[in-house]
Amino acid sequence: MASLKDLRNRIASVRSTQKITKAMKMVAASKLRRAQEAAEAARPFAERMERVIASLGVSLQGQDDAPRLLAGTGKDDTYLIVVATSDRGLCGAFNTNIIRAARGEVARLVASGKTVKILCVGRKAFQVMRRDHKDRIVDAIELSHVKRVSFADAAPIADKVLSLFDAGAFDVCVLYYAAFKSALTQVVTRQQLIPTALPEAGKGNGPDLKGAIYEYEPDEAEIVADLLPRNVRVQVFRALLENAASEQGARMTAMDSATRNAGDMINRLTLTYNRTRQAAITKELIEIISGAEAL
Amino acid sequence: MADKIRFELVSPERLLMSTQADMVVVPGTAGEFGVMAGHVPLVSTIRPGIVEVHDGGSVAKLYVRGGFAEVAADVLTVLAEEAVALADLTAAEVEQTLRNLSEDIADAKDPEAKAKAQAEHDRWKLIREALAA
């Protein structure tokens, strides 16, 4: 049986942990709002980009001279998996979910005889991936110095992917990140970066393009060649923003339940503490009374 | 208001500008072009340069780099990786910024900081060129 002093210390320590988790929850909540705004503000650009590429890409897809970023290299022997996670932990299953999905993909690809290369974005991805796939990691990028993800942070990652592709280091590039749905739900998303994923023909032409015949300047092929690398950058940027919002959402939820757990624990410990104290008092009384009776 | 065109300037980070204008001049890769209401639908890539927004006699100038312009049904959308309003930017200030950045490059201790300052310097150089043109 724990002594009264032990129980008191225990309660104090749980209480201070609770204070920390509560503070973390509130910090995450305010960061979440900002991250969410940033993710939403970035949507128009990505959406318009996608629409134009979709309408151009569909018409170019069948041609022999279609850009390699669109048509691919014609093989799918080597995969580059980009795993985007956070740098910090204490955000529930956020990182675990992304990494589990990515590892599943790696295992599946390796089993079917493909070569797999991994690019880690975020410290957590690297920490886990290097255990099993150390020799497959081509690079690990950390973003811990970045407070707010800006386009300038995403561009180098995308440029890295593009230069690897130009060097013929891989055929297909897949990006893993967590799309932000709400503070409670984040959906691990697999997105194909290279070759550029096009929506089904006919479906991609949004309502804005209905019937409109566009003029292209300089011409379609050149525009697509110019836009495709930009699109990769934008997609990476969007993934990072979604990830940032998801991370804060996941942390908020995790810290909220941690705070509640700590509250329950304090209640339980306080009950034990009071019982133990009462037991000690009763015991002393019995001793006194039985002592007096013996006289 | 029937003869105005809607102009939207979008960067990857946010919607920078959304306004009505009489005419917008866009620096296309194949040459500058003016867009007024009733323009034919068009998609064009852009080169680093200045977008001029003409409205009611006043002209707002913006430096843009990297992206494309899309004209559809009286809406002009410019998607630029980078955009700076030039309204409150004078040649002297740009020169000053460039000088400061040159010093930063000289003072930079590690290669990473140096590369960063150099990139910033190159960026401002382009802005100066655009401003002088």
Side-chain angles (χ1 to χ4, degrees), chain A residues 37-56 59 145 148-156 158-159 205-241, chain B residues 6-18 25-35 38-49 64-84 110-113 115-120 122-124:
Chain A
E37 275 165 14
E40 270 161 21
R43 258 173 217 162
F45 192 96
E47 277 167 10
R48 288 189 168 106
M49 188 80 128
E50 250 168 25
R51 214 181 58 212
V52 171
I53 287 188
S55 67
L56 282 170
S59 65
H145 58 283
R148 281 186 78 170
V149 183
S150 73
F151 191 64
D153 301 315
D159 290 344
N205 299 7
D208 278 3
L209 296 179
K210 197 167 52 190
I213 298 151
Y214 276 76
E215 271 183 24
Y216 295 102
E217 203 179 283
D219 58 50
E220 294 183 32
E222 267 179 67
I223 292 181
V224 170
D226 184 64
L227 289 188
L228 287 173
R230 289 190 200 289
N231 187 45
V232 173
R233 271 178 227 137
V234 169
Q235 298 303 340
V236 171
F237 178 55
R238 184 163 72 167
L240 290 185
L241 283 176
Chain B
R6 173 142 210 93
F7 170 64
E8 290 189 345
L9 179 62
V10 192
S11 82
E13 275 148 33
R14 64 204 167 94
L15 182 70
L16 285 171
M17 198 179 185
S18 178
V25 179
V26 182
T29 320
E32 293 197 348
F33 57 90
V35 181
H39 197 284
V40 71
L42 170 82
V43 174
S44 170
T45 48
I46 56 173
R47 62 181 162 76
V64 294
R65 187 187 62 79
F68 67 97
E70 181 196 8
V71 187
D74 286 350
V75 184
L76 165 66
T77 316
V78 174
L79 278 82
E81 282 184 6
E82 191 188 328
V84 188
D110 53 305
E112 202 172 306
K116 208 170 172 183
Q118 184 67 50
E120 190 76 350
D122 293 344
R123 194 171 79 90
W124 279 94

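Here is the naming used below: chain letters follow the sequence lines, and residue numbers restart at 1 for every chain. The structure presented is a predicted model; accordingly, all values stated were derived computationally and were not measured.
Here A:Phe237 contributes atom CZ and B:Glu13 contributes atom CD; the two are 4.5 Å apart, rounded to the nearest 0.5 Å. Atom CZ of B:Phe68 sits about 9.5 Å away from atom CG of A:Asp226, to the nearest 0.5 Å. Summarising the geometry, atom CD belonging to B:Glu81 is positioned 5.0 Å from atom CZ belonging to A:Arg233; distances are rounded to the nearest 0.5 Å.
Only the side chain of A:Leu227 comes within less than 4.5 Å of a heavy atom of chain B; its backbone N, CA, C and O stay farther away. Residue contact with chain A, scored on non-hydrogen atoms closer than 4.5 Å, is absent for B:Glu82. Neither the backbone nor the side chain of B:Val75 comes within less than 4.5 Å of any heavy atom of chain A. At a 4.5 Å heavy-atom cutoff, the contact between B:Ala80 and chain A is made by backbone atoms alone.
Residue with the most contacts toward chain B among A:Arg230, A:Arg43, A:Glu40: A:Arg230 (heavy-atom pairs, distance under 4.5 Å). Contacts with chain B were tallied for A:Ala42, A:Ala46, A:Pro44; A:Ala42 has the most, counting heavy-atom pairs under 4.5 Å.
Crowding of B:Arg47 atom CZ: a count of heavy atoms from other residues, nucleotides or ligands under 6.0 Å exceeding 12.
What you find for B:Pro12 and A:Phe45 is that their closest heavy atoms are N-CD1, 3.5 Å. Between B:Thr45 and A:Pro218, the closest heavy-atom pair is OG1-CD, 3.5 Å. B:Leu79 and A:Met49 make their closest contact through CD2-N, 4.0 Å (heavy atoms, listed as atom of the first residue, atom of the second, distance). Across all non-hydrogen atoms, the minimal contact from A:Arg48 to B:Val10 is NH1-CG2, 3.5 Å.
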